[in-house]
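Everything on this sheet refers to the single structure shown next.
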Amino acid sequence: MRLSRYFLPVLKETPSEARIVSHRYMLRAGMIKQSSAGIYSWLPLGFKVLKKIEKIVHEEQEKAGHIPMLMPTIQSADLWRESGRYDDYGDEMLRIKDRSGRDMLYGPTNEELITDIFRSHVSSYKDLPLTLYHIQWKFRDEVRPRFGVMRGREFYMKDGYNFDIDHDSAIHAYNRHMVSYLRSYERMGLKAIPMRADSGPIGGEDTHEFLVLAETGESEVFYDDRILDLSLGAEAVDYDNWDECSEVVKKWTSPYARTNETHDNALFDQVPQEHRKSSRGIEVGQIFYFGTKYSDAMGASVQNSNGEKVSVHMGSHGIGVSRLVGAIIEANHDEKGIIWPEEVTPFHCGLINLRQGDEQADLACQTIYDSLSSFGLEVLYDDRDERAGGKFSTMDLLGLPWRIIVGPRGLKNGVVEVGSRRTGQTEEVSVEEAVKKIIQIYQSI
RNA sequence: CGGGGCGUGGCGCAGUCUGGUAGCGCACCUGUUUUGGGAACAGGGGGUCGUAAGUUCGAGUCUUACCGUCCCGACCA
């Protein structure tokens, strides 16, 4: 993309309402524009990142055998009356009437809708296990939206629901979700720690939250820092293998890790002093096993092999996709701007032409742009007629992980500069070498 | 939901106390000179001062109500 043809309203100054770094940088980098409290438009750059995160979530869910679909944002109140949550949910639910005066609502979550779909079409144990999910906008009329997309009223969330014949099978679904979530966060360049959590209004017996450590996090967390050494890496996990999944879960849930909601000082004291850590964290996901709570209330049952009607065991599992954009920035930035992990960067590489209009520089840039593009890499080419300083600052703010700088001075010696946003290291190489280097970096990911 | 702050061109702010017909920086447009870490000069465009009532000869400024938004606390992907 040529910057001169893109829509990227970068701000030099920080809008006064933004207090935390991710919100500030998202506004300054032209990723979002506030529409009203807790509601944002996603401008082109922010939209790209949102979609990249969404794609990773989709890929990892499908690997785990979970099936994508899409449910509406507007739901009928009737289903919620059936589950008993229409009254329970309170003012956080945005309630709407349609032209006939029917009670509708903007969905804050989808347990009711998915259970209704399930009971309409599934009646045999032979159709289980089944896990359906979607990624859809949600609305929760928060008392106090804040921190930009971190606590919006409208937010983009992946929510998945498993239907299993019994408790053990549902626990496997739970474990499967934990593994797939850990994998997703890792791919986004995040260290997310599963922590034993409270079930809250969704209700449930077993639940973990996933927290990214960050000073600006809203939760207070206590953990054994040896958990930070864990990583799934390239290790393959067979999602159909109950023992394998359960092993991974055991490994990740053995070290002490809890939020203040479930924190237990006596247990925490058993962690060796030097490993006992407490800090702040951002919640980027949560998994629940809640048994037959909704299936009982809404009559979601199947016949088992004995012909008996049994309620299905369910769980629900969420990843805050729009919140992750903020969380990733909280975990990856410096005083100059964002530093995107390669997997979610809006563009793979930045290209700066220091002397727009200079024949040699224009030509070299075009060559680099075309070469990288033909390899499927997205390049943000700053071809504006700006001075060097402005281009550098903009590129620093945007945080593309790699950049190539082209100018007449270097070209005189046949070189351009390739640099890493994260380390700040640069090297001078030929145009061909520069292209090759960027391609190699992304091939290895 | 309790407490506090703030609404003045796209962004950051001054002006409000003490009423007299709106200003600064950045951004934007035109031109010239510049160009390897946010250039200089010259010229120019853009604001019913959140909304509505009221007080006054006169309201950005005073009064009242409302709306919006942000922050702190209790709740949440």
Side-chain angles (χ1 to χ4, degrees), chain A residues 9-20 23-24 27-28 30 33-39 57 89-93 107-110 135-160 181 192 197-202 207-212 218-219 259-261 281-288 316-327 336-337 352-358 361 382 384-397 403 405-412 415-417 419 424 426 428:
Chain A
V10 169
L11 304 174
K12 232 185 213 182
E13 282 171 289
T14 302
S16 57
E17 76 271 13
R19 303 297 158 129
I20 66 168
H23 191 196
R24 285 203 290 258
L27 289 168
R28 288 198 50 209
K33 160 138 175 59
Q34 181 165 3
S35 165
S36 61
I39 303 177
V57 172
Y89 225 95
D91 290 336
E92 270 199 19
M93 180 184 280
T109 176
N110 289 65
I135 300 179
Q136 176 64 292
W137 291 96
K138 307 284 185 291
F139 196 95
R140 292 183 194 172
D141 201 355
E142 296 273 351
V143 186
R144 194 181 156 207
R146 63 187 126 166
F147 302 151
V149 301
M150 301 276 273
R151 174 163 304 286
R153 291 194 293 172
E154 188 184 49
F155 58 98
Y156 203 42
M157 185 170 100
K158 173 264 166 182
D159 46 323
Y181 278 27
D198 244 3
S199 58
I202 291 176
T207 175
H208 281 88
E209 290 177 340
F210 295 82
L211 285 107
V212 173
E218 293 187 85
S219 313
T259 66
N260 54 343
E261 292 170 347
I282 302 165
E283 189 189 339
V284 292
Q286 186 161 13
I287 54 177
F288 294 95
S316 74
H317 317 276
I319 292 184
V321 176
S322 49
R323 174 180 285 183
L324 272 167
V325 180
K336 292 177 183 170
I352 293 179
N353 188 343
L354 290 174
R355 191 71 61 83
Q356 201 66 40
D358 176 275
D382 191 344
R384 296 171 305 162
D385 188 16
E386 287 285 326
R387 296 163 66 87
K391 292 193 176 189
F392 289 140
S393 298
T394 300
M395 207 52 90
D396 287 338
L397 173 64
R403 79 173 61 158
I405 297 166
V406 177
R409 192 184 295 174
L411 287 176
K412 212 172 286 173
V415 295
V416 297
E417 186 184 301
T426 61
E428 298 202 318

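Here is the naming used below: chain letters follow the sequence lines, and residue numbers restart at 1 for every chain.
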>> Checking base pairs now: Watson-Crick or wobble, both atom distances under 3.5 Å. What partners C6(B)?
In response: G68(B)
> Applying a 3.5 Å limit to both distances, which nucleotide forms a Watson-Crick or G-U wobble pair with C24(B)?
Replying inline: G12(B)
>> Counting only Watson-Crick pairs (N1-N3 plus N6-O4 or O6-N4) and G-U wobbles (N1-O2, O6-N3), all under 3.5 Å, who is the partner of C62(B)?
In response: G54(B)
>> Roughly how many Å apart are G31(B) and G10(B), using the C1' atom of each and rounding to a whole number?
In response: 24 Å
>> Using the P atom as the point on both nucleotides, what is the distance between C17(B) and A59(B), in whole Å?
In response: 14 Å
> Taking the same atom, C1', in G9(B) and in G46(B), what whole-Å distance lies between them?
Replying inline: 6 Å
> With sequence neighbours excluded, what pairs up with S322(A) under the side-chain contact (heavy atoms from CB on, under 4.5 Å) test?
Replying inline: W42(A), L50(A), F155(A), Y156(A)
> Taking atom C1' in both C49(B) and U8(B), what distance in whole Å separates the two?
Replying inline: 4 Å
> Distance from F392(A) atom CZ to I405(A) atom CD1, nearest 0.5 Å?
Replying inline: 4.0 Å
>> My understanding is that only residues two or more places apart in sequence, or in another chain, count here; which of them pass side-chain contact (heavy atoms from CB on, under 4.5 Å) with V143(A)?
In response: none
> Taking only N and O in the side chain of Q34(A), is any of them less than 4.0 Å away from OP1 or OP2 of G68(B)?
Replying inline: no
> C17(B) pairs with which nucleotide, Watson-Crick or G-U wobble, both distances below 3.5 Å?
Replying inline: none
>> Just to be sure I understand the rule, does V321(A) reach a base, reach only the sugar-phosphate, or reach nothing, if contact means heavy atoms closer than 4.0 Å?
In response: nothing
> Between R28(A) and S16(A), who's closer to the 5' end of RNA chain B by nearest nucleotide?
Replying inline: S16(A)
> Rounding to a whole Å, what distance do you find between E261(A):CD and A74(B):C1'?
Replying inline: 13 Å
> For E283(A) and E209(A), which heavy atoms make the closest approach, and how far apart are they?
Replying inline: OE1-OE2, 3.2 Å
> Which of these nucleotides, C11(B), C71(B), A77(B), is closest to any side-chain atom of F288(A)?
Replying inline: A77(B)
>> When the P atoms of A42(B) and G25(B) are compared, how many Å lie between them, rounded to an integer?
In response: 12 Å
>> If I pick the P atom on G43(B) and the same atom on U48(B), what distance separates them, to the nearest angstrom?
In response: 26 Å
> Sequence neighbours excluded, which residues qualify as side-chain contact (heavy atoms from CB on, under 4.5 Å) partners of S16(A)?
Replying inline: none
> To the nearest Å, how far apart are K138(A) NZ and A77(B) C1'?
Replying inline: 9 Å
> Think T14(A) has a side-chain N or O under 4.0 angstrom from the OP1 or OP2 of C11(B)?
Replying inline: no
>> Just the rounded figure in Å: distance from P of C70(B) to NE2 of H23(A).
In response: 8 Å
>> One character per nucleotide, please: for nucleotides 26-37 of chain B, 5' to 3', B when the base has a protein heavy atom closer than 4.0 Å, S when only the sugar-phosphate does, - otherwise.
In response: SS------BSBB
> Who pairs with A327(A) by side-chain contact (heavy atoms from CB on, under 4.5 Å), at least two apart in sequence or on another chain?
Replying inline: I282(A), V284(A)
>> Nearest whole Å is fine: how far is A74(B) P from E218(A) CD?
In response: 11 Å
>> With a 3.5 Å limit on both atom pairs, tell me what A42(B) is paired to, counting Watson-Crick and G-U wobble, or say none.
In response: U30(B)
> Excluding sequence neighbours, so at least two apart, what forms side chain to side chain donor-acceptor pair (under 3.5 Å) with R403(A)?
Replying inline: D396(A)
> Rounded to whole angstroms, how far apart are CZ on F155(A) and P on A77(B)?
Replying inline: 8 Å
>> Taking only the P atom of each, what is the distance from C6(B) to U63(B) in whole angstrom?
In response: 14 Å
> Which part of the nucleic acid, if any, lies within reach of R19(A) when heavy atoms closer than 4.0 Å are counted: base, sugar-phosphate only, or nothing?
Replying inline: sugar-phosphate
>> For V143(A) and G320(A), find the nucleotide of RNA chain B closest to each by heavy atoms; which residue's nucleotide sits nearer the 5' end?
In response: V143(A)
> Would L27(A) and T14(A) count as a side chain to side chain contact (heavy atoms under 4.5 Å, CB included) if you check the C-alpha gap in whole Å, the side-chain angles of each, and the deciding distance to 0.1 Å?
Replying inline: CA-CA 8 Å; L27(A) 289 168; T14(A) 302; over 6 Å; no
> If you look at every strand shown and take non-hydrogen atoms under 4.0 Å, does R153(A) touch a base, only sugar-phosphate, or nothing?
Replying inline: nothing
> How many Å lie between CD on E142(A) and P on C70(B), as a whole number?
Replying inline: 13 Å
>> Once you apply a heavy-atom cut-off of 4.0 Å, does T394(A) come out as touching a base, just sugar-phosphate, or nothing?
In response: base
>> If I take atom CG in residue L27(A) and atom C1' in nucleotide G10(B), what distance separates them, rounded to the nearest angstrom?
In response: 13 Å
> Atom CD of E17(A) and atom C1' of C11(B): how far apart are they, to the nearest Å?
Replying inline: 10 Å
>> For a quick check of understanding: with a heavy-atom distance under 4.0 Å over all strands, which category does G152(A) fall into, base, sugar-phosphate or nothing?
In response: base
> Does atom CG of N260(A) have more than 12 heavy-atom neighbours from other groups under 6.0 Å away?
Replying inline: yes
> With rounding to whole Å, what would you report as the distance between U61(B) and G7(B) at their C1' atoms?
Replying inline: 15 Å
>> Using 0.5 Å steps for rounding, measure from the CG atom of L211(A) to the CD atom of Q286(A).
In response: 9.0 Å
